Number of protein chains: 2
Amino acid sequence: MTTSTDSDHLLDLLKASGARITKPRRVIVRILAEKGGQHPDAMDIFRRAVREDSRISLPTVYRTLKVLEEQGAIQRHAFSDGRSRYEPAAGEHHDHLIDMDTGDVIEFHSEKIEQLQEEIARELGYEIVHHRLELYGRKRKAGKRR
Amino acid sequence: MTTSTDSDHLLDLLKASGARITKPRRVIVRILAEKGGQHPDAMDIFRRAVREDSRISLPTVYRTLKVLEEQGAIQRHAFSDGRSRYEPAAGEHHDHLIDMDTGDVIEFHSEKIEQLQEEIARELGYEIVHHRLELYGRKRKAGKRR
DNA sequence: GAGCAGATGATAATGATTTTCAATACTGCA
DNA sequence: TGCAGTATTGAAAATCATTATCATCTGCTC
């Protein structure tokens, strides 16, 4: 149940930048647009891509991701586990809560926090260009203990 | 004007964990305790260490940093530039504002933001273990434009 | 349908960090 | 203080994620 529209949107962005729409790019973009796979890293994407077209290569995945990132079509996140993870650029900004046990990524947004950040930066004489807020935590076990 | 006390504190933590106090570790710990060098990466530390004892190796720097990190004696930060940067674990938690033009790192702390984070995590059913908040910005130019 | 710039795949290179392993040096104990 | 035994070291090679090289291929324009 892949929304072909999202995929098309990414392709449009690519085309608008003068890039050619190739078969590998179609596949990669389709994967990125899938709602299911949350925040895949390059290898995740590569593995899925190979299933659709066995001759896609890892470098092509990286190259395509880079182009898409430069176009602002997707966002790259560098969580503290070494590799980068990607997601289609959502219209609205959000931050991340990372489940330390499962690696799940939950998105959230707090206008209050955003405002406080602006305030702090202003006090320090700065203007925020972008920021990164990640919470690393564990599910609260109701009453359960170990 | 290196405070030998800070350095000693780190050595104590090392010793407490059953680690041996070796010459390379002494040097590395001393460097970390220096007030001057703000947020050095492993290579920065290595370069400085070599000046004090030319036979220290890079792997030893990494190994020592890892031990110190496990002991909670220092904190590792993975800013979005690939390599990790370290700093002695301050008694108090703080976040970072990174000057995008100069690379300077400014520390700040906001109890309000911390509380909001806790609140958000709680609502999502999580307990925060640690977090990362980085603001990337530029100095506000008062009236000046380019 | 031809031609060419841009894209691809295979492979090698890079940069940061980690591992391997034989040699060395802390530490506790005699 | 000397010494054994183990943690630690340095040198070199291995990993891991990512990027560059380069000859080949293929969208795309005419």
Side-chain angles (χ1 to χ4, degrees), chain A residues 8 10-31 39-71 73-86 103, chain B residues 10-31 39-71 73-86:
Chain A
D8 290 348
L10 292 181
L11 288 178
D12 287 346
L13 286 173
L14 266 185
K15 194 175 291 181
S17 78
R20 291 181 182 170
I21 306 306
T22 66
K23 206 181 306 177
R25 283 180 178 169
R26 256 183 243 280
V27 173
I28 292 165
V29 152
R30 193 178 304 133
I31 290 170
H39 295 256
D41 61 30
M43 189 51 85
D44 291 335
I45 295 167
F46 173 62
R47 277 191 285 259
R48 288 201 237 166
V50 164
R51 289 211 292 267
E52 296 197 39
D53 179 342
S54 69
R55 79 205 107 128
I56 286 178
S57 68
L58 225 207
T60 291
V61 171
Y62 275 106
R63 280 185 290 236
T64 302
L65 289 172
K66 179 180 280 187
V67 175
L68 287 168
E69 192 196 354
E70 283 163 355
Q71 244 45 53
I74 61 173
Q75 262 183 278
R76 177 172 52 167
H77 300 287
F79 299 138
S80 43
D81 65 349
R83 78 212 83 147
S84 296
R85 301 168 74 176
Y86 302 81
Chain B
L10 291 180
L11 287 178
D12 287 346
L13 287 173
L14 267 186
K15 195 175 292 183
S17 78
R20 290 179 182 174
I21 305 306
T22 66
K23 206 182 306 176
R25 284 180 177 169
R26 254 184 244 281
V27 173
I28 292 166
V29 152
R30 194 178 303 134
I31 290 170
H39 296 255
D41 61 28
M43 189 51 85
D44 290 334
I45 295 167
F46 173 61
R47 277 190 285 259
R48 287 200 238 166
V50 165
R51 288 211 292 268
E52 296 197 37
D53 179 343
S54 69
R55 80 205 108 129
I56 285 176
S57 68
L58 227 205
T60 292
V61 171
Y62 276 105
R63 281 186 287 235
T64 302
L65 289 172
K66 178 180 280 186
V67 175
L68 286 168
E69 192 194 354
E70 282 163 357
Q71 244 45 53
I74 62 173
Q75 264 183 274
R76 177 172 53 165
H77 300 288
F79 298 139
S80 41
D81 65 348
R83 78 211 83 147
S84 296
R85 301 169 72 178
Y86 302 81

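The analysis underlying the following values was restricted to heavy atoms, covering all of them including side chains, and did not include hydrogens, waters or symmetry mates. If you're wondering where the values come from, they're calculated on a predicted model, not measured in any experiment. Residue numbers begin at 1 in each chain, while the letters A, B, ... track the order of the sequences.
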Rounding to a whole Å, what distance do you find between [X]:[atom1] and [N]:[atom2]?
| X | N | atom1 | atom2 | result |
| --- | --- | --- | --- | --- |
| A:Phe46 | D:dT19 | CZ | C1' | 15 Å |
| A:Glu70 | D:dT19 | CD | P | 10 Å |
| A:Leu14 | D:dG27 | CG | C1' | 13 Å |
| A:Ile45 | D:dT18 | CD1 | C1' | 13 Å |
| B:Asp41 | C:dT17 | CG | C1' | 12 Å |
| A:Leu68 | D:dT18 | CG | P | 15 Å |
| B:Arg85 | C:dA16 | CZ | P | 13 Å |
| B:Asp53 | D:dT8 | CG | P | 17 Å |

Strictly below 4.0 Å: does [X] bring a side-chain N or O up to OP1 or OP2 of [N]?
| X | N | value |
| --- | --- | --- |
| B:Ser57 | D:dA11 | no |
| B:Arg83 | C:dT17 | no |
| A:Ser84 | D:dT18 | yes |

For DNA chain C, whose closest nucleotide is more 5', that of A:Arg25 or that of B:Met43? A:Arg25
Within-4.5 Å side-chain heavy-atom neighbours: [X] and [Y]:
| X | Y | value |
| --- | --- | --- |
| A:Leu68 | A:Val29 | yes |
| A:Lys23 | A:Ile56 | no |
| B:Leu14 | B:Gln71 | no |
| B:Ile28 | B:Val61 | yes |

Are the charged groups of A:Lys15 and A:Asp12 less than 4.0 angstrom apart, N to O? no
What one-letter contact string describes nucleotides 18-30 of chain C from 5' to 3', where B marks a base within less than 4.0 Å of any protein heavy atom, S marks contact via sugar-phosphate atoms alone, and - marks no contact? BBB----BBS---
With side chain to side chain contact (heavy atoms under 4.5 Å, CB included) as the test, would you mind laying out the steps for B:Ile31 and B:Glu52 before giving the verdict? CA-CA 10 Å; B:Ile31 290 170; B:Glu52 296 197 37; 3.9 Å; yes
Partners passing salt bridge (Lys or Arg N to Asp or Glu O under 4.0 Å) against A:Glu70 (at least two apart in sequence or in another chain): none
